[in-house]
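To start, the structure under review is shown below, and the notes come after it.
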Amino acid sequence: MSERKFNRVCLAYSGGLDTSVILHWLLDQFDCEVVAYTADVGQQEELSGLPEKAKATGALDCIVRDLREEFVRDFVFPAIQGSAIYESTYLLGTALARPLIAKHHVEVARETGCDAVAHGATGKGNDQVRFELTFRALAPELAIIAPWREWDIRSRSDCIAYCQKYSIPVTATLEKPYSIDRNLMHISYEGGVLEDPWRAPDESMFLLTESVENAPENPTEIIIGYEKGIPNSIDGQTYTPAELLHRLNQLAGAHGVGRVDMVENRFVGLKSRGVYETPGGTVLHAAHRALESITLDREAAHERNKLAPRFAELIYNGFWYAPEMEMMRAAIEVTQRNVTGEVRVKLSKGSLQITGRRSPVSLYSEAMSSFEDAGAEDTYDQRDAAGFIRLQGLRLSR
Ligand code: ARG
């Protein structure tokens with residue numbers, strides 16, 4: 001028994017091995033009640049039998065929240081508007097879901113009268129930081145329990161032994177060779193054989209994207225529509241945010257678009273090898289940039305681009321609800337007012353190409369840029385360029 005006292009703890013629960021053990025451990029350790037909470041962010045796990053399973057393990061209640069639309073609308077799309085790509089490579093699928101999951105976690109905790117929140121993230125990863133920074137920002141009164149940092153359990157076999165000892169119902173699953181995190185934005189794989197950064201992933205690991213070898217010979221062309229930087233249609237058909245991302249995952253995944261294999265710098269100070277599948281997100285980022293190329297003013301675009309790596313870092317490090325993030329999001333928002341129009345994208349053999357962009361509020365002038373003589377002599381007089389260059393060159397010619 002612990003010296004800390006809790007009456008009722010809200011546990012982020014997936015029904016898997018780890019959180020089943022945690023549920024029982026909390027009951028045992030703190031002699032408290034446990035409310036289980038499950039967020040649906042598009043992880044595609046069976047959620048139907050979950051409340052029964054949680055209660056069979058000893059939970060007072062189990063609350064499931066469908067957060068899919070909110071995830072894409074309020075987290076994924078703002079990240080795309082701000083070109084948030086961590087270390088120029090990782091599209092932040094896991095990092096974006098964590099603050100949302102934690103936000104609803106504290107809501108559920110408060111609604112059910114809990115005095116603590118518990119999560120199943122380990123002590124070596126980014127996710128513990130993201131969850132707990134969000135708890136701190138949104139519900140400083142709630143205590144935090146992170147069993148992986150406290151208990152003696154070290155491995156999966158320890159967990160299985162624990163379940164056998166206390167007859168905890170666990171669905172027999174094959175040992176997962178990787179740590180997988182899935183949501184509507186991506187699937188991430190870490191650990192296991194991937195810990196050797198030289199070792200290529202097995203083809204059988206990938207669930208969302210076709211291999212380049214098996215991707216169809218014929219490309220697919222699609223047109224994505226954006227309104228103020230927010231994607232809302234594919235080939236003229238409008239979709240809700242979650243539907244649109246789901247559809248793009250299918251279209252781009254079939255062509256093998258969106259795989260990334262990298263070694264990243266975790267916030268806690270470790271390097272980690274991760275493999276990601278982000279088919280729809282990859283297309284949305286690229287198409288969004290293409291639309292910005294005709295709708296953003298040059299200097300505004302360049303300023304926005306300077307913010308992007310810092311924005312990605314704040315997301316990665318878990319500072320979604322920090323003051324500097326609010327400031328940054330407000331700045332990005334302003335840049336998106338005119339990012340409206342359509343982009344044509346060709347998907348083929350593991351890659352994508354932008355083949356066209358258009359906008360009713362385009363800043364691009366065919367007449368002004370034209371190589372032909374005819375255009376826009378009243379606004380762009382080529383004779384002005386001589387003086388422009390002469391003054392620019394003054395300090396260079398000595
Ligand atoms: N490395 C990625 C990140 O920090 C993915 C983490 C995935 N989490 C997991 N529990 N497998 O965002």
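Note that the coordinates shown come from a computational prediction; the quantities given were computed from them, not determined experimentally. First listed ligand is number 1; within each ligand, the first listed atom is number 1.
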**Report entry** Per-atom contacts, ligand 1 versus N126 - under 4.0 Å to a heavy atom
**Finding:** 3 (C), 4 (O)
Query - Inter-residue atom distance M205.CE - L194.CG, 0.5 Å rounding - result: 5.0 Å
Report summary line: CZ (R130) and OG1 (T134) are apart, to the nearest 0.5 Å, by 10.0 Å
Query raised in the report: Of all the atoms in ligand 1, which lie at a distance below 4.0 Å from a heavy atom belonging to E264?
Result: 1 (N), 2 (C), 3 (C), 4 (O)
Report task. Specify the protein heavy atom at minimum distance from atom 11 (N) of ligand 1: its residue, its atom name, and the distance to 0.1 Å. Result -> S179 OG, 2.8 Å
Query raised in the report: Does a sphere of radius 6.0 Å around CD in E326 hold more than 12 heavy atoms from other residues, nucleotides or ligands, not counting ones at 6.0 Å or beyond?
Result: no
Requested in this report: Answer with side chain, backbone, both or neither: which part of M262 has a heavy atom less than 4.0 angstrom from an atom of ligand 1?
Outcome: neither
Query raised in the report: Closest heavy-atom contact between Y37 and C10?
Result: CB-SG, 3.8 Å
Query raised in the report: ligand 1 and E190, any nitrogen or oxygen pair closer than 3.5 angstrom?
Result: yes
Query raised in the report: Is it true that K349 and E213 have a side-chain N and a carboxylate O under 4.0 angstrom from each other?
Result: no
Query raised in the report: Can you list the steps and then say if W320 with F75 is a ring pair (Phe, Tyr, Trp, His ring centres under 6.0 Å)?
Result: CA-CA 9 Å; W320 189 266; F75 293 81; 4.9 Å; yes
Query raised in the report: Crowded around E150 CD? As in, over 12 foreign heavy atoms under 6.0 Å?
Result: yes
**Report entry** Identity of the nearest option to atom 9 (C) of ligand 1, non-hydrogen atoms only, from L96, L91, D127
**Finding:** D127
Query raised in the report: Where does R266 meet ligand 1, judged by heavy-atom distances below 4.0 Å: at the side chain, the backbone, both, or neither?
Result: neither
Query raised in the report: Counting only heavy atoms, which portion of L92 has something under 4.0 Å from ligand 1: side chain, backbone, both, or neither?
Result: neither
**Report entry** Between NZ on residue K53 and OG1 on residue T19, distance to nearest 0.5 Å
**Finding:** 8.0 Å
Query - Per-atom contacts, ligand 1 versus R130 - under 4.0 Å to a heavy atom - result: 3 (C), 4 (O), 12 (O)
Report task. Please say whether Y276 places an N or O atom under 3.5 Å from an N or O atom belonging to ligand 1. Result -> yes
Report task. May I ask you to identify the nearest protein heavy atom to atom 12 (O) of ligand 1, giving residue, atom name and distance to one decimal place in Å? Result -> Y90 OH, 2.6 Å
Query raised in the report: Of all the non-hydrogen atoms in the protein, which one sits nearest to atom 7 (C) of ligand 1, and at what distance?
Result: S188 OG, 3.3 Å
